[in-house]
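Have a look at the structure below, then the notes.
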2 protein chains.
Amino acid sequence: MESDQYYLMRTLKVDLGERSYPIFIGQGLLDQGLMAPYIKGKQVLIVTNETIAPLYLERLISSLPNSLTVDHVVLPDGEQYKNIDQINTIFDALLEKRHNRTTTLVALGGGVIGDMTGFAAACYQRGVDFIQVPTTLLSQVDSSVGGKTGVNHPKGKNMIGAFHQPQCVVIDTDVLNTLAERELSAGMAEVIKYGLIYDEAFLCYLEDHIDGLMGLQPDLLEQAIYRSCEVKAEVVAQDEREAGIRAWLNLGHTFGHAIEAEQGYGAWLHGEAVGAGTMMAADLSCRLGWISESDVKRVESILAAANLPIYPPEQMTSVQFKEHMAVDKKVLDGSIRLVLLKEIGKATVTADFPVELFEQTLSAGDKLGKFI
Amino acid sequence: MESDQYYLMRTLKVDLGERSYPIFIGQGLLDQGLMAPYIKGKQVLIVTNETIAPLYLERLISSLPNSLTVDHVVLPDGEQYKNIDQINTIFDALLEKRHNRTTTLVALGGGVIGDMTGFAAACYQRGVDFIQVPTTLLSQVDSSVGGKTGVNHPKGKNMIGAFHQPQCVVIDTDVLNTLAERELSAGMAEVIKYGLIYDEAFLCYLEDHIDGLMGLQPDLLEQAIYRSCEVKAEVVAQDEREAGIRAWLNLGHTFGHAIEAEQGYGAWLHGEAVGAGTMMAADLSCRLGWISESDVKRVESILAAANLPIYPPEQMTSVQFKEHMAVDKKVLDGSIRLVLLKEIGKATVTADFPVELFEQTLSAGDKLGKFI
């Protein structure tokens, strides 16, 4: 770090006892050497993908102390490559370069890279350290917080994985300048989710600043990412193993996973599917009488302002939804449990809803524009 | 359980806080319904292999409550199948049968089945319950205790895995009656190890009763298995994540893993390699002046009485040993750390030994009968 360099940065501590870790958020953090104190051994393996490597790999490598041996592996880009074969590619690299138990893996990329790198770190020699450098808005506000790692299986998303916490997370808001607009929207779906499930004031902030956020104003992004991570960190700290409140984070996800699975992973971005899934959750919450029709319109407006799809794929039937939802992880002993909204700013998890209303929501999703 | 049935059983509690679990040891325990209280959900997947399935699968299934849905998967038998492909086979079965987060996996088999089932349980939906029913002496005294799970990689043994504790372990000494003699000896290598590293009185017990143990006398087996598990449980309870004393359990293993890797996994049984490796560790301990030549002879005698190889493969060179040992997990930052004997009944871990003495032990291993 240059001594005459000043930059704005906020630090958030995720409180998980002996597995606590900091999240650094700010502009230009990528090559500020923030992660060096969190690397315990002499070996580092950076895991990244073909899109990110040309943009940021050299900058990251050059920011690391010369005393370290730094190797890297570049994986293909895309959700369709989030599988055990790619995990094996990481293992091959670790073993070819003889990385030992004190190695640190660094995930430089979006959620797919983060989830796979974290899972490889969880399993290599039964667990080594890893650091997250998320390069998409989605991974910055979601998959880099909470310790969930893993890969997809042909029969289900994120079915294989582990809980493994990083040593630290470095979020550089500048990297969003190279992010595709669709990816920015997909990330914003999760940001909006935090307002909906936990903090109406934050939702108001997002409603007030959505245009500036979509225009990548750094101060707005930093605040939105900070509060998103803070909400997630608060929820995860209360419930690390997802026994209760953590399930709120899955608002829109059970519907969304069905959309992703039906369309084939990668056709819809995760955040896009969550956007449409959030509308379906809001629709069912309204049918249950928990939120008003104007609340639903409010959800629709903010999603639309973030350029997110608010309806599931036109051709997708309720039968297809139910088939995919029956194998979702949120299904316990055969009954479908959903995260719904008790009010704007407060979620709930329930398997106790009239099946007719659930069917109405699924069928409304069949036809564009037919939500409440 | 029949109310008029009496059988001898000992229960050992492995104390790991909220991850504590019992080990039941005795004759005829396989179908006594002992595991039923430890199954929390409605689904069970039994994982076994082609050798064990015809012998014990039906008995185990029929002992489970009718209220459970019990599926099973039968894997090929052998260390060469301890790989990620077989883990995928388990995942496929779980997903095809739609097992949810409350499922319980039951490992019915030796260490390979136990390690793979435990690893699959650790990773399926980021962690589900599992129960061990070890059917070899080796797995009864070693791999069913301590929570280590995992698979091999072409470049190294047990390189991929997780720490995951079972809900309970059911050890039926009767199943050893169908165990091959070579497998019995291989298991005895680990039993002997517990005496050498931790408890000279137990070593004396083994020396006094080795013939009866090799003749499968149930009371002797029960006592030897109980004490072995107790020693391992004590060691693991002190050091769950292998930061210190737990490494003692690897006496003979760093040499042994080199033998296994050089010969190709499965050519030598794990316990056979550990037997020869234990002799090499004793040899180096003697060269360091820690144990006497008569101590080395004592190690040799008990290993020989258990029909174990006491020398590494004749053609294996010290260069080959060092090549394999350099990639072993016990290597930290390039220096080879070995478990050696300070005295009979007490081990130590050290990387601080004269390289000439280490070379002498490796070279002695090149020539049959040339140990101290």
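These values consider heavy atoms only, across backbone and side chains, with no hydrogens, waters or symmetry-generated copies. Chain naming here is simple, since letters A, B, ... match the order of the sequence lines and numbering starts at 1 in each.
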Pair count under 4.5 Å, heavy atoms only, with chain B: among A/Asn88, A/Leu94, A/Val151, highest is A/Asn88

One should read off an interatomic distance between A/Met159 CE and B/Arg101 CZ, to the nearest 0.5 angstrom, of 8.5 Å

The interface call for A/Ile84 against chain B, heavy-atom contacts under 4.5 Å, is side chain

**Asked** Heavy atoms, side chains only, cut-off 4.5 Å: are A/Lys155 and B/Asp92 in contact?
**Response** no

Turns out that what part of A/Thr103 lies under 4.5 Å from chain B's heavy atoms comes down to neither

_I'd like to know whether OH of A/Tyr21 has more than 12 heavy-atom contacts from other residues, nucleotides or ligands below 6.0 angstrom._
yes

- Task: Would you mind reporting whether A/Ile160 and B/Gln125 have side-chain heavy atoms less than 4.5 Å apart?
- Result: no

Counting heavy-atom pairs under 4.5 angstrom with chain B, the leader among A/Phe91, A/Phe119, A/Tyr124 is A/Phe91

- Query: Take atom OH in A/Tyr81; do more than 12 heavy atoms of anything else shown fall under 6.0 Å from it?
  - Reply: no

Notebook entry, point to check: Is a donor on one side and an acceptor on the other found under 3.5 Å between the side chain of A/Arg126 and the backbone of B/Lys148?
Noted result: no

